[in-house]
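Written out below as structure tokens is the structure these notes cover.
Side chains included, hydrogens not; waters and symmetry mates left out as well; all remaining heavy atoms used. Each chain gets a letter, A, B and so on, in the order the sequences are listed, and its residues count up from 1.
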There are 2 protein chains.
Amino acid sequence: MPATPEVPDGKRPTLAHVAARAGVSVALVSIVMRGAYGASAATRERVLKAAEEIGYRPDTRARVLRSNRSRLLGVQFGLRHPFHTDLVEGIYAAAEPAGYQVALSAVAPTRGERQAVEALLADRCEALVLLGPEAPAARLAHLATQVPVVSVARRLRPAPPAVDVVRTADDEGARQAVDHLVALGHRAIAHIDGGRAPGAADRRRGYRTAMHRHGLDEHIRVLPGGLTEDDGARAARTLLAEKPRPSAVLAFNDRCATGVLDTFLRAGVAVPGEISVVGFDDTSLSRLAHIDLTTVAQDVPRLAELAVGRAIARLDGEAVPDGEQVVAPRLVVRGTTAAPGTD
Amino acid sequence: MPATPEVPDGKRPTLAHVAARAGVSVALVSIVMRGAYGASAATRERVLKAAEEIGYRPDTRARVLRSNRSRLLGVQFGLRHPFHTDLVEGIYAAAEPAGYQVALSAVAPTRGERQAVEALLADRCEALVLLGPEAPAARLAHLATQVPVVSVARRLRPAPPAVDVVRTADDEGARQAVDHLVALGHRAIAHIDGGRAPGAADRRRGYRTAMHRHGLDEHIRVLPGGLTEDDGARAARTLLAEKPRPSAVLAFNDRCATGVLDTFLRAGVAVPGEISVVGFDDTSLSRLAHIDLTTVAQDVPRLAELAVGRAIARLDGEAVPDGEQVVAPRLVVRGTTAAPGTD
DNA sequence: ACTAGAAGACCCGCGGGCGTG
DNA sequence: GCACGCCCGCGGGTCTTCTAG
């Protein structure tokens, strides 16, 4: 029996198996598998053939162990947030061309942010990209002492040193929405907010400031909301019960806006005829033909690209200036907004 | 200068650093970190303190390399499918108590199933749990020669050897929906199908069979649909244009049903007054108060538990009988179904 | 004398077998 | 019998060395 059997039973083939089969050294197989310089074309072909035949597959875990780099980006996200899943798609698209792998760690009912991050770190991720993290700023700062940390869509005030923030100019987005509505002729514009959700404070502030600038202070109206459809529906029911109803509503996000829309439709309140509705995020939800929601788009590919780029820059030891990267939002006008009283 | 400096600059602390700091051997630290037997309480405390101080964190990749088991379950899922993300939550809940970690690999526009699976395998996952895989059965069979494979929600005919299938009795679910509608007095019940999506064929067949059993052959009507809201909306528009409209619609899934609902609402067609709508999956979408969709529930926790259980059983070398694990669906009656003509 | 191609030693961080006091 | 240390190997990358041309 040979020292290294060609077909290792139920076990995973290794470099040694390939080497034995191809009749070369292990080191040479390593060179070939990495596509590195130092093997002749003929050998290369023999080795690749042998690897193919026994179904060899490089073991990333062993590889990482040796080379001190893992080239792994850890991403924490919420399974239930469409905005997060959209971002994850963008992160894959940005990371892989840069030569980085992505490790996903979801936040779920049975799995908090702490666990999600611990898993990523134990897995040797070189940097952490956290989508809408709700952990205390101090915790993020502590993490950042161990590994580069990028907070996406969650502003941190005061900014802890070394924690990068990539976010949309939420206040500016709210302003664009208000400007649009005012230009259409609206005056009584209400805002259904996101409570303590990441970004909510800025959107609220942006709304208030914009209303003030238009001299509409007396129409400022912030209703408690949240980030789910139910939150939006609840706030919408409050509005329905009112005598002079606002003629337009800016919701915290698209999910919230969807809840508002649906509640109005069911109550026979025409949108945008009787009331205009604006969302936030431009998730796939709002783009659907039958929702057709006017919304403030976050530039997801750009956010993903910046987040990945920032993490990589830190890893490459570039002198990255502290400070946020703020991406401009863009209002997308669709079918849920119109001049008031357009019935 | 000591052989192993206590604070390894920017590097990750290892067992050796902890050992040096605590003044014990590396092996002993290993024992303590694993909570294994063989260390005195005093030593244990000293070691843990040292580890804490320098921020030591076990390296799963090295650990995996050493112990031939990785205790890692690879999960492939679609970021855009709420049903998948719900399942992922269930898989976390089922796997972690059983002592298995979960590795997520998403299918995205820039990342096909092939890439997703390759990443999982390179990462040394011991088994693969594929949610609604669309790869050819032959490919799945090939994978199964290397590692246990569980296909969730995708039936395989003929069943390849060694590929486990965990799925809902889709035909039975469609039957329950039809029975419910017939009991309410409906006769003209249409089905918006899912094309070639996993499960679509069975739901279509279940619908046809049920209609036939009720003597409603002449009312059988299958419209081409799909798994997104837009697909549902498109089919709904087709129905709107018809003269004698069906009085009820069974949609392929909840997303599709949502599209149908919205289109009807916008057209002023009352649901369930003029037309009843039934979805499939019971995703969080349908449970929302303002959608309140009657739907066929898939037992997500059970599916997740079976999928994980099956994978683990294979890994434990249990003699698992080939064959599918079929989970019963359960109709959840909510607000979108009623007797016909209840206006 | 110089180079491409190939081989061997050793290391990464950790866990287990076996030994020692 | 308990607490602990030494040594080796998991799979693969890197550095050094050796050989043939």
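Within 4.0 Å (heavy atoms only), A/V24 reaches sugar-phosphate atoms of the nucleic acid but no base atom. Within the nucleic acid shown, A/A27 comes within 4.0 Å of at least one base atom, counting heavy atoms only. Backbone-only engagement by B/L28 is indicated by non-hydrogen atom pairs under 4.0 Å involving sugar-phosphate atoms exclusively.
Contact annotation: A/S40 does not reach the phosphate of C/dA4 (side-chain N/O to OP1 or OP2, under 4.0 Å).
Under the rule for a side chain to side chain donor-acceptor pair (under 3.5 Å), the partners of B/D164 that lie at least two apart in sequence or sit in another chain are B/R310, B/R314. Listed by chain and number, the residues in a salt bridge (Lys or Arg N to Asp or Glu O under 4.0 Å) with B/R114 amount to none (sequence neighbours excluded). Partners of A/T43 under the side chain to side chain contact (heavy atoms under 4.5 Å, CB included) rule, at least two apart in sequence or in another chain, are A/V24, A/L28, A/S40, A/V47.
Rounded to an integer number of Å, the gap from B/R61 CZ to C/dC11 P is 23 Å. With rounding to whole Å, B/L65 atom CG is found 11 Å from C/dG15 atom P.
A salt bridge links B/R155 to B/E324: one of the charged nitrogens lies within less than 4.0 Å of a carboxylate oxygen. Between A/E113 and A/R139 there is no salt bridge, since none of the side-chain N atoms of the basic residue sits less than 4.0 Å from a carboxylate O of the acidic one. Looking at A/K49 and A/E52, no side-chain N of the basic residue comes within less than 4.0 Å of a carboxylate O on the acidic one, giving no salt bridge. Looking at B/E89 and A/R80, a side-chain N of the basic residue comes within less than 4.0 Å of a carboxylate O on the acidic one, giving a salt bridge.
B/S151 and B/R167 form no side-chain donor-acceptor contact under 3.5 Å, judged by distance and modelled atom types alone. Using modelled atom types, one finds a donor on one side chain and an acceptor on the other under 3.5 Å when comparing B/R111 with B/S105. A/Y56 and A/R21 share no side-chain donor-acceptor pair at under 3.5 Å.
Atom-to-atom distance recorded for B/L121:CG and A/R12:CZ is 6.5 Å, nearest 0.5 angstrom.
Comparing A/R57 and B/A39 by the nucleotide of DNA chain D that holds the closest heavy atom to each, the one mapping nearer the 5' end is B/A39. When the nearest nucleotides of DNA chain D are assigned to B/A62 and B/V26 by heavy-atom distance, the more 5′-ward of the two goes with B/V26.
When the C1' atoms of four end pairs are superposed on the next four at each end of the helix from C/dC2-D/dG21 to C/dG21-D/dC2, using five pairs per end, the two resulting axes differ in direction by 50°, to 10°.
Contacts between residues 29-37 of chain A and DNA chain D, defined by a heavy-atom separation under 4.0 Å, are made by A/S30, A/R34.
The side chain of A/T43 sits closest to C/dA6 out of C/dA6, C/dG16, C/dC12.
Of all nucleotides in DNA chain D having an atom under 4.0 Å from a heavy atom of chain B, the first and last in 5' to 3' order are D/dC2 to D/dG11.
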